[in-house]
Structures are given as C-alpha cells and as structure tokens.
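Letters A, B, ... mirror the listed sequences (proteins, then strands); counts begin at 1.
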Amino acid sequence: MSAITAGPPVERSEERIGLLRWFAGTAAGLMLVGLLARLTGGPHGLPGEQAVPLARLAATLATDWPEVAMSAGMLLLALLPTYRVAAILWQWLTRRVWLEAAVAALVLAELLGSLHAG
Amino acid sequence: MILLLLFVTGLTAGVLGALLGLGGGIFLVPALSLLFHLPMRVAVGTSLVGVLATSAGVAAATQPGRGPDLKLAIRLEASTVAGAILGGLLAGRVSPAALSVLFALVAFLSAGYTVAKGRRGGAADAEALYRADYRPRHWPFGLAAALVAGAISGLLGVGGGFIKVPVMYAVMDVPLGVATATSNFMVGITAAASFFVYYSRGDIHPLVAVPTALGVLTGALLGAFVLPRLRANWLRWCLVAVMLLMGLRMMVQGFQQ
C-alpha cells in the first residue's frame, strides 16, 4: 500500500524537514539584504548582471558581496528540494529500503548533474 | 520603482498560484515578457526562481497528514528531473517565438485544467481526497507523462502540475488530494533541476529574479495561510479568463517575432 495519511516514519520525518522554515527564511533574508545593498549603490537598468557563477562565489564576495548574497539566496532556495531528496535517501538507506533508496540516489545524481548541464 | 513593480508582480503571481493551486509561473512568464519586455529566457529563469519560492512557501505551510506520497513522488521525479534538464537545455536552442507559442498552448491547457479542478474539488470530501487504500497503477504512462511535464517545466518555467495531477489522479488512480500534495512536492525538485541549468548558462539575473521571488514567497505564504477562506468560484473564472488572455497575447507575440 502506498499511503500517507497513516503517517509512515519517512513521511513524518519529511514533514519535519518540510517545516524547516528557516531555510526559506534564510534564503529570503540573503536575497533581501543583497537587494537593499545593491539599491543603495545607485540606479540599475534591467535585467542587470547575471548571477555570480558557482565557481566564482567565494572570489566575488570581497568585491561585490550584494551580488553574492542575492545569488546565494537563490541557490539556497534551489538547494532546499535537493536537501529534501538527500534526507529522504538517507531515511530509506537507514531503513534498508533499497529499491526506493536507489531511485532517490538517481534523482539526487540527476540534480547534481544539472549543476553542470548548462 | 521598477523593482517594486517586479515585487508586486511576484506577489500577485504567488497569491494567484496559491488560489488556484498552481506554481505561479503561468502568470509570471507572460507578465515579465509582456509588461517588462524581458527576453523569454530571462523571464523563464526568473519564473523558475519564483516556482522554487512557491515550493519553499508551500513546504513551510504543509499540514501534517496532508503531505506527499514520497515513494510515488521520488519514482516519478527520476523521470521528471531528466525531462527538466532536457527542457532547460532545449530552451537555449529554441527560438523565443516558438517558446511564446508553446507557452500560449500551455496557458490554454492550464485554464482547462483549472476549470476541471474547480468542478471536481467541490464534490469530493476531505477523506476521499486523502484516502489511504490506493496503489498507483499504469507506471509506464505515468513516467512518460512525468518526463513531458519536466521538459515543459524546463522549457517554460512552469510547475507542470496541470499535467502531473490529472495523470496521477485519472490514470494512476491516486486520490486527488494526495496527487496534488505529491505534485506540489515534485514541483520544487523539478524547478531546482531546471534552475541549475539556467543558472550555469547565465540566464538568471538577480536584479530581476530577487524582487520577483521575494514577492512570490510573500504571496505564496499569504495564500497558504489566509486565502483558502476567500476562495470563490467567480474568482476562479476570472483567473481562467486572465490565463486565456495571456495565452492569446503570448500567441500573438510569438507570431509577430
């Protein structure tokens, strides 16, 4: 049976993970702070600069931290679902649900692969 | 001033998305393209950030016992994420005109789905929506539909729930409430895959995406906590009309390019 209302353990722990509001809050905070700091720097035309590439995030921090904060906030938003898949994979591994764990590992691999697909 | 307008656009999309149970991308992409005259790929990339924000907002507001079927979601995601990466890569090669026309078709489909969902939603009780005695069927069809939904999400920056929910409900025999919660969970993962592709390609512009995403996040939270009490059938019809109008406008824009 595939059900959720009875609240199997993985689903219950996933609900706790889903309720990690600080994750979304931190992402929103980073984006807001970066945006406000960028606005104090004067007017900017749309669409503005591209997001800071992953490989240059640390290097750009010293020279243009508002841009890094905004980029990091967006990346954090995208990492939330990735983290949820990783957490589900961990739950299934510890419960030795091998087939589901293998599928979750495949999804996680696809997600990590998409980081280099562009 | 224009950033404030972007925030308001995101807020509106977030609220509308919450009202209709959609990701909000169906409103964001045409708004960014038609009102702000942004290139289609920037609009789609921004919309993906908005979909991620909606997903985060929904995750923060999910009621216990009303969550997704994780086994179903992860199995379908194996297919959907592959489609999303494919769609994201294809978007870099498809002409903006073709994207506009394709988006118009998807807007029409979404409008039809919204009408059908409104009719079904009133008839079913909560117990039937979340019943536990089901076993998903027709996996090959479900996986194929998930692949298409992922590709459309990557191409057009929409969640793809208008494909996934009907397929899970009508073909795979999953209760409607479970199908909707599962689709909401999947949307975030799918959008993350496409987002990474757009991000690495340089199609994400923080100055556009951030105010929009902050608006969407605020709107999605507002919608999740407050607006369920305000749902009304006439509002659904108004929003369907908006979707049809935006679809028509996108169609015209596509043929003019």
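- The two residues A/Val107 and B/Glu77 make their nearest non-hydrogen contact at CG2-C, 3.9 Å.
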Inset, instruction - Show the numbers, then the answer: is there a side-chain contact (heavy atoms from CB on, under 4.5 Å) between B/Ile189 and A/Thr82? - result: CA-CA 7 Å; B/Ile189 302 172; A/Thr82 313; over 6 Å; no

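- One finds the OH atom of B/Tyr199 at 4.0 Å from the CG atom of A/Leu75 (value rounded to the nearest 0.5 Å).
- Minimum interatomic distance between B/Phe196 and A/Leu111 (heavy atoms only, all atoms of both residues): CD1-O, 3.9 Å.
- Contact annotation for residues 78-88 of chain B against chain A (heavy-atom separation below 4.5 Å, listed by residue number): B/Ala78, B/Val81, B/Ala82, B/Ile85.
- Heavy-atom pairs under 4.5 Å with chain A were tallied for B/Val208, B/Val42, B/Leu48; the largest tally goes to B/Val208.
- With a 6.0 Å radius and a threshold of 12 heavy atoms from other residues, nucleotides or ligands, A/Trp90 has its CH2 atom at or below the threshold.
- The greatest number of non-hydrogen atom pairs below 4.5 Å with chain B, out of A/Gly73, A/Ala78, A/Ala28, is found for A/Ala78.
- Side-chain N or O atoms of A/Ser114 include none that pairs as donor or acceptor with a backbone N or O of B/Val197 at under 3.5 Å.
- Residue A/Ser71 touches chain B through both its backbone and its side chain, counting heavy-atom pairs closer than 4.5 Å.
- Side-chain atoms of B/Leu70 and A/Arg84, non-hydrogen and from C-beta on, never get closer than 4.5 Å to each other.
- Considering all non-hydrogen atoms of both residues, A/Val103 and B/Arg75 come closest at CG1-CA, 3.8 Å.
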Side-chain donor-acceptor distances from residues 48-57 of chain A under 3.5 Å, at least two apart:
| unit_1 | atom_1 | unit_2 | atom_2 | d |
| --- | --- | --- | --- | --- |
| A/Gln50 | NE2 | B/Gly202 | O | 3.2 |

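- Taking CD1 of B/Ile74 as the reference point, atom CD1 of A/Ile88 lies at 4.0 Å (rounded to 0.5 Å).
- Heavy atoms of A/Leu99 lying under 4.5 Å from chain B belong exclusively to its side chain.
- With a threshold of 4.5 angstrom between heavy atoms, B/Leu38 approaches chain A through side-chain atoms but not through N, CA, C or O.
- Contact tally against chain A (heavy-atom pairs below 4.5 Å) for B/Pro211, B/Pro39, B/Ser194: the top residue is B/Pro211.
- You'll find the side chain of A/Leu77 stays beyond 4.5 Å of the side chain of B/Phe195, heavy atoms only.
- Residue B/Leu72 holds its CG atom at 10.0 Å from CD of A/Glu100, rounded to the nearest 0.5 Å.
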